Amino acid sequence: MFLEHVPAAVAMFDRDMCLIACSRRWLADYDLEGQSVIGRSYYAVFPQTDDQWRDIHRRALAGETLHCDLERFKRGDGSSDWIQWEIVPWHLPEGGIGGVMLFTQKLTGIVENDERARAVKRQLDLLIDNVQDYAIYMLDPEGRVSMWNDGARRLFGWHEEEMLGRHYERLFDALDNAAGRPRMQLSRAAREGSFRDRSLQLRKDGSHFLADATLCRIRDEHGVLIGFGRVVHDITDEAEWRRMIAANETQMRLILETIPDAMVVIDETGAIQSFSAAAEKLFGYTVPEVLGHDVGILMVEADAMRHGDDLARYGATGHGHVVGHSRRVIGRRKDGSTLPLELAVGEAKLGTRRVFTGFMRDLTRRERADAQLRELQNELSRLARIWAVGTMATALAHDLNQPLAAITNYVQACAQMAEQGESGAAGAMGDALAAAGQEALRAGAIVQRLREFIARGELALSREQPDVLARQSCALVMAGSAHANIACRVIMPDDVKPVLIDRVQIQQVLVNLLRNAVEAVGVNGSITITATEQWDMMRISVIDNGPGIAPDIAGALFDPFSTTKSTGMGLGLSICRAIVEAHGGILWHEAVPEGGTAFHFTVPMVIRGPEEFNND
């Protein structure tokens with residue numbers, strides 16, 4: 001009953017491929033209605049069966065399940081149908097394979113409809129591609145090109161493979177894209193159903209044409225947006241074209257007149273093509289006076305020559321500092337006076353031509369303000385040093401009293417011996433005067449140390465290599481060391497970055513730290529100097545294997561006059577810290593786990609390239 005009434009094409013065969021039962025649909029699909037087919041062999045019913053189908057039957061009877069989504073079934077009269085089929089084995093109650101079940105579905109009508117649809121599509125494509133004055137292309141919901149007809153290729157110059165998958169904003173110039181025109185059109189069309197306008201369109205070669213363009217929304221049967229269709233018609237007309245060009249020129253002229261920075265456009269040879277109103281005001285030239293002249297008339301001779309060389313090198317190699325870099329130049333006005341300028345250059349291509357746009361900003365006020373700020377900083381620094389003198393003088397008063405009191409005692413003792421006229425007093429007087437001289441030298445040393453500490457002045461910054469500076473400092477200290485067999489090693493990478501420092505003062509810091517390390521390690525000691533990058537600073541470390549610093553003096557180590565040496569003034573590390581802090585860095589120390597002490601200080605690295613640094 002199931003096979004009799006099931007609305008599908010089903011046939012059941014035994015192991016000899018004799019038909020046991022089938023559905024009405026199967027008889028109808030194969031034109032077997034009214035025939036007695038039950039009990040007959042498949043090969044008797046379909047004598048045209050080829051070896052491929054016989055092999056399929058054998059495999060199914062062996063236990064395989066096979067299927068095909070689309071296959072042509074040939075009839076005995078020469079006609080054929082497209083079918084989808086599946087063949088599966090069926091099993092006896094005791095478990096053996098009793099035969100096969102064949103399920104089929106005739107798809108001839110669907111395939112023929114698809115072929116007709118493809119034929120219609122081919123005809124439509126031919127129709128679209130042969131439209132002469134219209135560009136027709138399709139976009140996905142994001143605005144990327146999904147179909148590009150031959151008319152679009154003729155009108156815009158782009159081939160299909162160049163546009164598929166690219167956003168259609170490629171067909172708009174830079175001003176339209178900057179204003180968001182393509183995105184606005186997509187938004188309007190998606191919201192309102194379509195968007196139509198007249199505007200200039202951009203060809204592949206950089207030229208423009210006036211177009212009447214319509215952008216339409218496309219939805220599927222469920223109302224979901226699946227893309228857009230755009231039809232562009234070339235309506236270029238000489239009179240309308242001239243009106244559009246005139247309007248664009250007026251717009252550009254208004255822009256040029258309102259830009260606060262001076263703008264100058266030059267060609268590949270350096271000849272001036274455009275000169276803004278701000279440029280006229282800045283340089284004192286009028287537009288007719290400069291058009292066609294070399295841009296070098298606006299620069300001093302040295303900058304003009306360098307700019308000409310850079311322009312030639314950029315034109316030949318595409319490399320240089322002409323485009324994409326801002327730099328300081330000296331401009332020259334019509335009256336011969338000069339002024340500092342910040343110059344930024346951009347590049348644009350007009351068809352086969354290349355032009356450069358230079359924006360120039362007057363730095364006179366900025367540099368004057370910078371100079372005033374530096375002067376104020378210098379004054380504040382001077383006041384700070386004066387304050388330091390007062391602070392240090394108070395601290396020094398106590399130490400100066402000692403040598404001065406000693407000098408007074410020695411001189412008074414000499415005077416008493418001279419009054420008494422004792423025999424043999426000459427030797428004692430000589431010893432007393434020698435001791436007084438030593439105390440005077442000591443007092444002078446204290447004053448000299450104070451003078452060095454407070455009279456640092458401005459930093460003379462230069463670009464220095466840390467490894468070179470470290471080796472020089474090692475050589476200076478080791479040459480005058482009284483201790484033998486001390487190893488002083490500089491461990492830094494070959495490509496260590498340069499630092500921006502006052503060489504003399506930082507070398508003074510290194511020498512002071514090295515001398516302290518030499519005294520700490522003694523004979524057969526070891527000292528290592530390393531350098532490590534920390535963001536935009538370089539950390540330089542002096543590491544020794546000496547006994548370390550006692551905890552009771554570690555906290556006051558950098559305080560003025562704090563020292564463990566019998567002959568020291570306690571100003572060395574204090575001066576070192578002041579020098580490092582004047583460079584914007586810090587100085588500190590820490591214990592080494594293996595034994596010894598590490599002194600670290602940071603100084604700024606040169607973070608720009610050497611060529612840019614030298615240009616400054």
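Predicted model only: the values in this text are computed from it and were never measured. Along the sequence shown, the residues carry numbers beginning at 1. Values below: every heavy atom of this structure, side chains too, minus hydrogens, waters and symmetry copies.
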inquiry  = Set out, in order, the CA-CA distance, both residues' side-chain angles and the distance that settles side chain to side chain donor-acceptor pair (under 3.5 Å) for Arg539 and Thr602, then state yes or no.
reply    = CA-CA 4 Å; Arg539 185 184 75 186; Thr602 58; over 6 Å; no
Verdict with reasoning, Phe283 to Ile297, per side chain to side chain contact (heavy atoms under 4.5 Å, CB included) = CA-CA 10 Å; Phe283 290 99; Ile297 66 173; over 6 Å; no
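- Using a 4.0 Å cut-off between a side-chain N of Lys or Arg and a carboxylate O of Asp or Glu, Arg328 and Glu367 qualify as a salt bridge.
- Distance check, rounded to the nearest 0.5 Å: CD of Glu162 to CG of Leu164 gives 10.5 Å.
- Taking all atoms of both residues into account, the shortest heavy-atom contact from Gly296 to Arg332 is O-NH2, 3.6 Å.
- Taking 4.5 Å as the limit, some side-chain heavy atom of Asp502 sits within range of a side-chain heavy atom of His583.
- A 6.0 Å sphere centred on NZ of Lys204 holds more than 12 heavy atoms belonging to other residues, nucleotides or ligands.
- Here the shortest heavy-atom pairing between Met538 and Ala531 reads SD-CB, 3.9 Å.
- Judged by distance alone, the side chain of Asn545 and the main-chain N or O of Ser526 form a donor-acceptor pair under 3.5 Å.
- Checking Leu510, Thr532, Thr530 one by one against Ile540, the side chain to side chain contact (heavy atoms under 4.5 Å, CB included) holds for a single residue, Leu510.
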query = Checking side chain to side chain contact (heavy atoms under 4.5 Å, CB included) for the pair Leu573/Leu513: CA distance, chi angles, key distance, verdict?
reply = CA-CA 8 Å; Leu573 289 177; Leu513 296 178; 3.7 Å; yes
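- Screening Arg144, Arg183, Glu142 against His167 for a side chain to side chain donor-acceptor pair (under 3.5 Å) leaves a single residue, Arg183.
- The shortest distance between side-chain heavy atoms of Asn516 and Val542 does not fall below 4.5 Å.
- Counting only distance, with no hydrogens or angles, the side chain of Asp544 and the backbone of Gly596 share no donor-acceptor pair below 3.5 Å.
- You'll find the side chain of Arg577 reaches within 4.5 Å of the side chain of Leu587, heavy atoms only.
- With values rounded to the nearest 0.5 angstrom, Gln472 atom CD is found 10.0 Å from Asp467 atom CG.
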key: Candidate pair Gln508 and Asn512, rule side chain to side chain contact (heavy atoms under 4.5 Å, CB included), full reasoning   = CA-CA 6 Å; Gln508 179 184 351; Asn512 201 323; 5.6 Å; no
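- From Asp536, atom CG reaches atom NZ of Lys497 across 10.5 Å, with rounding to the nearest 0.5 Å.
- Across all non-hydrogen atoms, the minimal contact from Ala278 to Asp261 is CB-O, 3.6 Å.
- In the displayed structure, Glu301 atom CD is contacted under 6.0 Å by at most 12 heavy atoms of other residues, nucleotides or ligands.
- Distance check: Ile272 CD1 to Asp267 CG gives 10.0 Å after rounding to the nearest 0.5 Å.
- Using modelled atom types, no side-chain atom of Glu347 and backbone atom of Val345 make a donor-acceptor pair closer than 3.5 Å.
- Figure legend: Arg181 and Phe172 shown without cation-pi pairing, the cationic atom not lying both under 6.0 angstrom from the six-membered ring centre and within 45 degrees of its axis.
- Within the 3.5 Å criterion, the main-chain N or O of Val287 finds a donor-acceptor partner in the side chain of Glu280.
- Of all non-hydrogen atoms in Gly548 and Thr597, the two that sit nearest each other are CA-OG1, 3.2 Å.
- Residues Val295 and Phe356 are not in side-chain contact: their nearest non-hydrogen atoms beyond the backbone lie 4.5 Å or more apart.
- Using a 4.5 Å cut-off on side-chain heavy atoms (C-beta onward), Leu171 and Met163 make contact.
- By the 4.5 Å heavy-atom criterion applied to side chains, Thr364 and Pro340 are counted as neighbours.
- Under the 30°/60° scheme for interplanar angles, the aromatic rings of Phe599 and His589 are found to be tilted.
- Between Leu514 and Ile529 there is a side-chain heavy-atom pair separated by less than 4.5 Å.
- Taking both residues in full, the closest heavy atoms of Gly292 and Ala271 are given as O-CB, 3.8 Å, listed atom of the first, atom of the second, then distance.
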task = Could you please spell out the steps behind the side chain to side chain contact (heavy atoms under 4.5 Å, CB included) verdict for Arg166 and Val145?
result = CA-CA 6 Å; Arg166 300 293 296 269; Val145 175; 5.5 Å; no
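- Of all non-hydrogen atoms in Leu341 and Gly331, the two that sit nearest each other are CD1-CA, 3.7 Å.
- For the atom pair CG (Leu282) and CZ (Arg333), the distance works out to 6.5 Å, reported to the nearest 0.5 Å.
- Taking CZ from Phe359 and CG from Leu343, the interatomic distance works out to 10.5 Å, rounded to the nearest 0.5 Å.
- Looking only at side-chain heavy atoms (C-beta outward), Ile501 and Leu469 come within less than 4.5 Å of each other.
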